[in-house]
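This report concerns only the one structure given below.
A, B, ... follow the sequence lines: proteins, then strands. Residue 1 opens every chain.
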There are 2 protein chains.
Amino acid sequence: MRIGQLARRSGVSVRALRYYEEQRLLESARTPGGQRDYPDEALERVQLIQDLFAAGLSSRTVVELLPCVSTGVATPAMLDQLIIERDRIAARIQDLTRAKTKLGRVIENVTAAKVVQD
Amino acid sequence: MRIGQLARRSGVSVRALRYYEEQRLLESARTPGGQRDYPDEALERVQLIQDLFAAGLSSRTVVELLPCVSTGVATPAMLDQLIIERDRIAARIQDLTRAKTKLGRVIENVTAAKVVQD
DNA sequence: CCTAAACCTGACGTCGACGTGAGGTACGAG
DNA sequence: CTCGTACCTCACGTCGACGTCAGGTTTAGG
């Protein structure tokens with residue numbers, strides 16, 4: 001599979017895929033002409049990378065954790081890092097939940113005020 | 001209250017407070033000498049701004065929503081925006097929850113493998 | 001009056017995940 | 001062989017929420 005097709009299938013840009021390779025998140029074989037050639041598994045990998053980015057991990061962290069996320073084998077340091085990131089995500093969820101509740105209350109207030117006004 | 005004290009009380013930097021003013025998120029009176037002088041309510045306001053930033057809102061969005069968040073009065077457009085942001089936060093929470101679950105499973109796998117190995 | 005600490009206004013630097021444009025090469029269809 | 005499209009490698013631009021440095025002013029205390 002070439003880069004354009006992988007981009008369309010995964011929903012990320014061609015530029016992003018090259019960036020992933022630059023950051024050593026994603027490898028590619030090359031055609032004799034020098035064009036990238038991806039195996040089918042690359043699709044899952046790109047989706048995994050996207051998930052981790054969406055969770056707020058940096059590319060540096062992702063590159064450290066990708067091996068154990070995909071293989072299930074981890075060094076103690078990697079396990080620590082995994083736990084740190086999971087806890088960070090949990091804390092972030094707390095923050096967002098609080099903010100959502102706050103906005104929800106504002107919406108209720110505003111709506112109530114409007115109803116009264118009507 | 002002067003800027004340094006507000007910074008210490010709210011836990012944000014002096015630079016950040018000046019930035020908030022630049023973005024019209026926060027007002028200040030001035031002493032005859034030109035130094036910022038904040039009322040006590042500024043503390044709550046800064047905390048509110050922080051909460052909204054933490055929820056991923058941009059300063060532009062915050063400046064649009066601050067009036068109704070603090071006063072409870074909103075135009076229809078503001079109400080729409082409030083709902084959009086709340087839903088965006090909810091979606092973000094979903095993403096993070098999925099990622100957290102995924103990392104949790106990886107941690108379980110790794111831990112299980114290690115226990116077996118022991 | 002003097003000094004140190006806190007404050008002021010520019011204005012440039014940062015970081016991460018790409019976007020974007022330039023200038024050139026590879027590939028598949030006809 | 002040729003054309004159009006996809007691809008290649010630099011390499012600079014972007015955006016947002018500040019950090020940081022420079023050079024000067026204000027304030028509170030002794």
Side-chain angles (χ1 to χ4, degrees), chain A residues 1-39 42 45-66 81 85 88-89 92 95-96 99, chain B residues 1-39 42 45-66 81 85 88-89 92 95-96 99:
Chain A
M1 183 173 19
R2 288 195 301 175
I3 198 170
Q5 195 172 6
L6 180 57
R8 278 188 302 275
R9 285 193 188 169
S10 62
V12 313
S13 71
V14 168
R15 176 67 174 98
L17 294 176
R18 295 204 187 104
Y19 176 73
Y20 295 167
E21 183 166 330
E22 194 181 321
Q23 301 298 308
R24 303 183 164 282
L25 301 176
L26 182 65
E27 299 177 71
S28 66
R30 296 297 181 116
T31 67
Q35 302 199 351
R36 288 173 179 81
D37 187 22
Y38 297 96
R45 184 155 185 120
V46 171
Q47 286 165 348
L48 176 57
I49 294 171
Q50 286 286 300
D51 284 351
L52 295 177
F53 274 154
L57 306 205
S58 70
S59 73
R60 211 177 61 83
T61 306
V62 173
V63 78
E64 286 169 8
L65 294 185
L66 260 181
Q81 185 74 8
E85 294 301 335
R88 218 180 39 71
I89 293 171
R92 186 97 183 93
D95 285 354
L96 289 177
Chain B
M1 181 173 21
R2 289 194 303 174
I3 198 170
Q5 194 171 5
L6 180 56
R8 277 188 301 275
R9 285 193 188 170
S10 62
V12 313
S13 70
V14 167
R15 177 66 174 97
L17 294 176
R18 295 203 187 105
Y19 176 73
Y20 296 167
E21 183 166 330
E22 194 181 322
Q23 301 297 309
R24 304 183 162 282
L25 301 176
L26 182 65
E27 301 176 72
S28 66
R30 298 297 180 116
T31 67
Q35 301 200 352
R36 288 172 179 83
D37 187 23
Y38 297 96
R45 186 158 184 115
V46 171
Q47 285 163 348
L48 175 57
I49 294 171
Q50 285 286 301
D51 285 350
L52 294 177
F53 275 154
L57 306 204
S58 70
S59 72
R60 210 177 61 84
T61 306
V62 173
V63 79
E64 286 169 8
L65 295 186
L66 261 181
Q81 185 73 6
E85 293 301 334
R88 217 181 40 70
I89 292 171
R92 186 99 183 93
D95 285 355
L96 289 177

In whole Å, I'd like the distance from the [atom1] atom of [X] to the [atom2] atom of [N].
{"X": "Arg8(B)", "N": "dA5(C)", "atom1": "CZ", "atom2": "P", "value": "14 Å"}
{"X": "Leu25(B)", "N": "dG16(D)", "atom1": "CG", "atom2": "C1'", "value": "12 Å"}
{"X": "Arg36(B)", "N": "dA6(C)", "atom1": "CZ", "atom2": "C1'", "value": "13 Å"}
{"X": "Met1(B)", "N": "dA6(C)", "atom1": "CE", "atom2": "P", "value": "16 Å"}
{"X": "Ile49(A)", "N": "dG16(C)", "atom1": "CD1", "atom2": "P", "value": "17 Å"}
{"X": "Gln5(B)", "N": "dA28(D)", "atom1": "CD", "atom2": "P", "value": "12 Å"}
{"X": "Arg18(B)", "N": "dG19(D)", "atom1": "CZ", "atom2": "P", "value": "11 Å"}
{"X": "Glu22(A)", "N": "dA11(D)", "atom1": "CD", "atom2": "P", "value": "12 Å"}

Side chains of residues 10-19 of chain A: which donor-acceptor pairs under 3.5 Å do they make with residues two or more places apart or in other chains?
| from | atom 1 | to | atom 2 | distance (Å) |
| --- | --- | --- | --- | --- |
| Ser10(A) | OG | Leu6(A) | O | 2.7 |
| Ser10(A) | OG | Ala7(A) | O | 3.4 |
| Ser13(A) | OG | Ala16(A) | N | 2.9 |

*From CA spacing to verdict: side chain to side chain donor-acceptor pair (under 3.5 Å), Gln35(A), Arg2(A)*: CA-CA 8 Å; Gln35(A) 302 199 351; Arg2(A) 288 195 301 175; 3.0 Å; yes
*Does a side-chain N-to-carboxylate-O contact under 4.0 Å join Arg30(A) and Glu21(A)?*
yes
*Would you name the heavy atoms of Asp37(B) and Met1(B) that are closest together and state the gap between them?*
OD1-N, 3.1 Å
*Once each nucleotide of nucleotides 17-28 of chain C is scored for protein heavy atoms under 4.0 Å, what B/S/- sequence comes out, 5' to 3'?*
BBBB-----SS-
*Who passes ring pair (Phe, Tyr, Trp, His ring centres under 6.0 Å) against Tyr38(B), sequence neighbours left out?*
none
*Heavy atoms from other residues, nucleotides or ligands near CD of Gln47(A) exceed 12 (cutoff 6.0 Å)*: yes
